[in-house]
Amino acid sequence: MMSTPTKQMGRAGARSRTLGSLGQLFARYGIVIALGLIVLALSVLSDNFLTSGNLTNVLRQVSINGILAVGMTFVILTGGIDLSIGSVLALTGMVGASLVAGSKPHSPILAILAALAVGVVAGACSGIFIAWVRLPAFVVTLGMLSAVRGLTLIYSQGMPISNLSSGFKFLGQGTFLGIPVSVVLFGATALAAWVVLAYTVYGRRVYAVGGNMRSAHTCGINVRGIIFSVYALMGLLSALAGVTLTARTTAALPQAGVAYELDAIAAVVIGGTSLTGGIGGIPLTVVGVLIIGLLNNGLDLLGISSYYQQVIKGLMIVAAVLIDKARHADAA
Amino acid sequence: MNVARHEVMSGSDLLLKAEGIQKSYGGVLALHDGRIELCAGTVHALCGGNGAGKSTFLNILMGLEAPDSGRIWLNGSETRFASPASALAAGIAIITQELSPVPDMTVAENIFLGRESRRAGWFVNQTVMRRKAAELLERLNFAVDPRVKMRRLSLGQIQLVEIAKAIDQRSSVLIMDEPTSAIGDKETAVLFDAIRQLKSAGVGIIYVSHRLSELFSIADEYTVFRDGGFVRTGLMKDIDRDELIRLIVGGSLIDQQCAATEPEKATLLEVQGYSRAGEFEDINLSLKSGEIVGLYGLMGAGRSEFASSLYGISRRNRGRLVMDGAEVEINSPGDALKFRIAMITEDRKASGLFLSQSVRKNISLTSLSSLSRRSFINERKEKAVVQRMIERFHIKVRTRDQPVRQLSGGNQQKVLFARSLTTSPRILICDEPTRGIDEGAKREIHAFLAEFAAQGNAVLMISSEVQEILASCNRVVVFRHGRQVAESPVTRITPERLLHWAS
Ligand SMILES: Nc1ncnc2c1ncn2[C@@H]1O[C@H](COP(=O)(O)OP(=O)(O)OP(=O)(O)O)[C@@H](O)[C@H]1O
Ligand SMILES: [Mg+2]
């Protein structure tokens with residue numbers, strides 16, 4: 001019925017198209033470009049950076065935050081937030097450790113399953129309050145942050161648990177085809193999450209709920225079920241991170257994981273997932289995780305004090321949100 | 001030179017003039033030659049099909065968006081507004097097509113947003129604001145309580161608040177982008193009274209509407225855009241309806257008269273005694289296969305509320321639903337979809353679309369289960385279905401992965417239509433289905449509904465346009481104050497009867 005306006009496009013239009021698409025390119029992949037620049041800068045500035053030993057080390061260091069950030073991506077995509085993950089990580093690490101410590105350890109498989117179950121239950125508690133009682137996620141998970149930390153201290157009586165069985169420690173220290181097991185776990189989690197979000201019906205529903213809850217309800221989506229499920233999943237992944245961390249540090253500490261939620265949220269936000277929900281995805285979250293990890297590692301290598309590192313990380317988050325804003329201004 | 005020329009051309013009452021306005025989004029031209037000459041004390045209809053560039057043009061005039069090129073003169077001196085605040089300060093106000101109220105503020109607070117009454121220079125004076133808002137709404141004859149939160153208003157009421165707010169700006173140029181798309185005939189008449197008052201006070205009004213009869217009753221001049229460009233301007237009295245349509249669509253429309261076919265006897269759905277406290281009471285109606293039933297009433301008569309509860313969005317307090325002779329329970333939209341009932345809601349932005357997501361994902365969302373295997377989506381199948389829908393409804397998109405936010409209002413409405421059909425429903429409930437849709441597409445949709453019904457399905461259509469009801473329904477049910485007050489085949493009624501029943 002109508003011809004497309006493109007036909008009438010003159011020379012001015014053509015120029016603005018190339019400029020526009022360059023801008024779009026940068027807006028869309030700005031964060032990937034930033035990652036490239038960081039890698040480039042660090043390889044020039046430090047001789048030790050581009051060694052396989054150091055790179056493996058970086059990956060090992062980011063794997064915990066990576067697993068958490070993958071779960072956080074689901075939560076933030078629905079427009080929610082989970083502040084309790086550090087506490088859940090500590091509790092589940094403690095539960096896992098308690099089952100494999102001492103002179104008569106249980107099987108590591110059992111310990112891991114128990115820890116994961118505790119994680120799911122903790123996440124489900126948040127999920128129930130958020131989905132059905134309809135309290136704000138921020139408030140519910142802030143409460144959980146405190147309550148679960150308390151449970152950890154009660155369960156451990158404030159003492160660390162060490163002396164873990166070697167089977168359990170494999171999770172944190174072993175390698176699989178030469179790659180540290182924790183890195184393999186992070187990779188597998190991210191891959192599975194990416195497939196679920198990008199290619200399954202469930203994934204589409206997660207985006208729909210975060211994009212517009214009322215529309216999602218109108219489309220016959222079980223909105224509460226989806227919201228509940230992302231917190232349960234977050235609990236599960238917090239537990240996975242918890243046992244992995246415990247196995248790597250060969251001890252469960254009651255103070256483990258304090259403030260870990262901040263790095264996980266930062267990675268997700270740097271990766272361009274919108275805090276209001278509905279926009280974002282796993283691949284860029286992984287980029288966000290790598291950027292945070294590389295900054296920590298690189299600034300260490302360069303001997304910059306951790307005080308400055310925090311400032312730099314903060315600026316990075318704001319810069320990422322700025323890039324994101326530019327992208328949406330272009331689209332709006 | 002330009003200034004001199006236009007002064008010669010226009011005499012003294014030319015308020016606003018724009019010329020050669022261009023705007024492209026991501027390299028695609030949305031508007032390549034926007035023009036208008038608006039005189040004081042006139043109503044100027046800006047016409048064009050869906051996606052013709054009207055809203056883009058008006059948003060540029062208002063400083064909501066920056067043009068790529070073009071010139072604008074206000075009262076003879078060239079200007080370009082960097083923000084709506086500076087346009088407001090210069091005496092231009094707008095009612096945008098996509099309304100954006102602050103949901104948790106009261107009506108009064110929304111009306112005075114950005115120009116609050118103050119106490120001691122710092123504190124917002126709620127009492128004065130509420131009183132002024134009440135006076136304003138009463139003067140305009142709008143039935144809205146200034147103390148309630150925007151969140152609780154219906155779309156039509158939100159529209160009224162936006163109109164009141166714009167009128168109260170006391171600007172010399174008032175832009176109205178589809179102000180009547182969500183309100184009924186009664187409110188439209190009230191709005192027209194207000195417009196006439198403004199006109200006699202010398203205000204220049206740019207008016208956009210796809211309801212051509214409105215243009216002929218209120219506008220003095222017209223300007224037509226097509227495909228992002230200026231086509232023609234002139235006096236309303238020098239043009240007739242067919243000629244205007246021809247200019248808008250760039251050809252003549254085949255008259256798809258589609259007075260629905262004679263319905264069969266089989267009853268698809270029967271509603272018995274539906275009630276919901278404070279909204280509607282004791283509604284009994286049936287839908288036969290092959291039938292299009294219109295639901296007419298004034299704003300606030302409870303039609304949308306009834307339709308929402310029928311579809312399971314809200315719960316009813318009482319009532320039974322019988323389908324194919326058996327009682328069914330519908331307590332959520334999911335249940336409704338299972339019984340192959342689909343719904344197009346009234347407020348596409350709030351409870352229909354996912355604005356930041358692609359056209360493809362928006363269209364396929366409700367039919368994903370049939371487009372997937374073991375919960376993995378078959379993207380090839382999905383794309384094919386979506387492509388078919390885009391073609392069938394002539395949805396104007398650049399790619400199917402374009403976010404819905406970027407489509408023009410009418411095209412967004414078509415996306416909603418496309419989605420509800422991918423589930424192959426037997427019963428389609430549509431609440432103001434042609435809201436914001438241009439004349440050509442409106443006919444297509446009416447033809448589509450007739451075809452859909454002729455295949456043995458049924459349609460329940462809420463509409464505030466008498467003409468639409470009379471032209472496309474078999475039967476009409478009239479609501480008043482939440483009660484069903486009349487029911488009749490459309491062949492036996494006149495517009496006057498319908499209005500009389502409703503009020
Ligand atoms: N932010 C945007 N990004 C990309 N394209 C856009 C954007 N906004 C508008 N467009 C495109 O510009 C064209 C003109 O849109 P506009 O909203 O001005 O149409 P309209 O005449 O107001 O139509 P309607 O009657 O449906 O409201 C459309 O093809 C639309 O897809
Ligand atoms: Mg428009």
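FYI, side chains are in, hydrogens and waters are out, and symmetry mates aren't considered; it's all heavy atoms of this structure. Being a predicted model, the structure only gives us computed values, none of them experimental. In what follows, chains are A, B, ... by sequence order, proteins preceding strands, each numbered from 1.
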Checklist entry - How far apart are the closest heavy atoms of B:Leu365 and A:Ala208, and which atoms are they? => result CD2-CB, 3.8 Å

Item to check | Nearest non-hydrogen partners of B:Ser372 and A:Val201, listed with the distance | outcome: OG-CG2, 3.5 Å

Next on the checklist: So which atom in B:Phe354 and which in A:Cys219 form the shortest heavy-atom distance, rounded to 0.1 Å?
Outcome noted: CE1-SG, 4.1 Å

Next on the checklist: Counting heavy-atom pairs under 4.5 Å with chain A, which one of B:Lys349, B:Gln357, B:Glu379 comes out on top?
Outcome noted: B:Gln357

Next on the checklist: Quick check: closest heavy atoms across B:Ala350 and A:Ser215, and the distance to 0.1 Å?
Outcome noted: O-OG, 3.8 Å

Next on the checklist: Can you tell me if A:Phe176 has over 12 outside heavy atoms packed within less than 6.0 Å of its CZ?
Outcome noted: no

Checklist entry - Would you call A:Thr218 and B:Ile313 a side-chain contact if the rule is heavy atoms closer than 4.5 Å? => result yes

Checklist outcome for this item: With chain B, the option among A:Gly278, A:Ala216, A:Gly220 that has the most non-hydrogen atom pairs under 4.5 Å is A:Gly220

Checklist entry - For B:Arg419, is it the side chain, the backbone, both or neither that has a heavy atom under 4.5 Å from a heavy atom of chain A? => result side chain

Checklist outcome for this item: Bottom line for A:Ala198: the part with an atom under 4.5 Å from chain B's heavy atoms is backbone

Checklist outcome for this item: Between the NE2 atom in A:His217 and the OG atom in B:Ser351, the distance rounded to the nearest 0.5 Å is 10.0 Å

Checklist entry - In terms of heavy-atom pairs under 4.5 Å, which option from B:Gly334, B:Ser364, B:Ser308 contacts chain A the most? => result B:Gly334

Checklist entry - Distance from B:Leu368 atom CG to A:Arg205 atom CZ, nearest 0.5 Å? => result 6.5 Å

Item to check | Enclosure of A:Arg214 CZ (heavy-atom neighbours >12, cutoff 6.0 Å) | outcome: no

Checklist entry - Do other residues, nucleotides or ligands put more than 12 heavy atoms under 6.0 Å from the CZ atom of A:Phe129? => result no

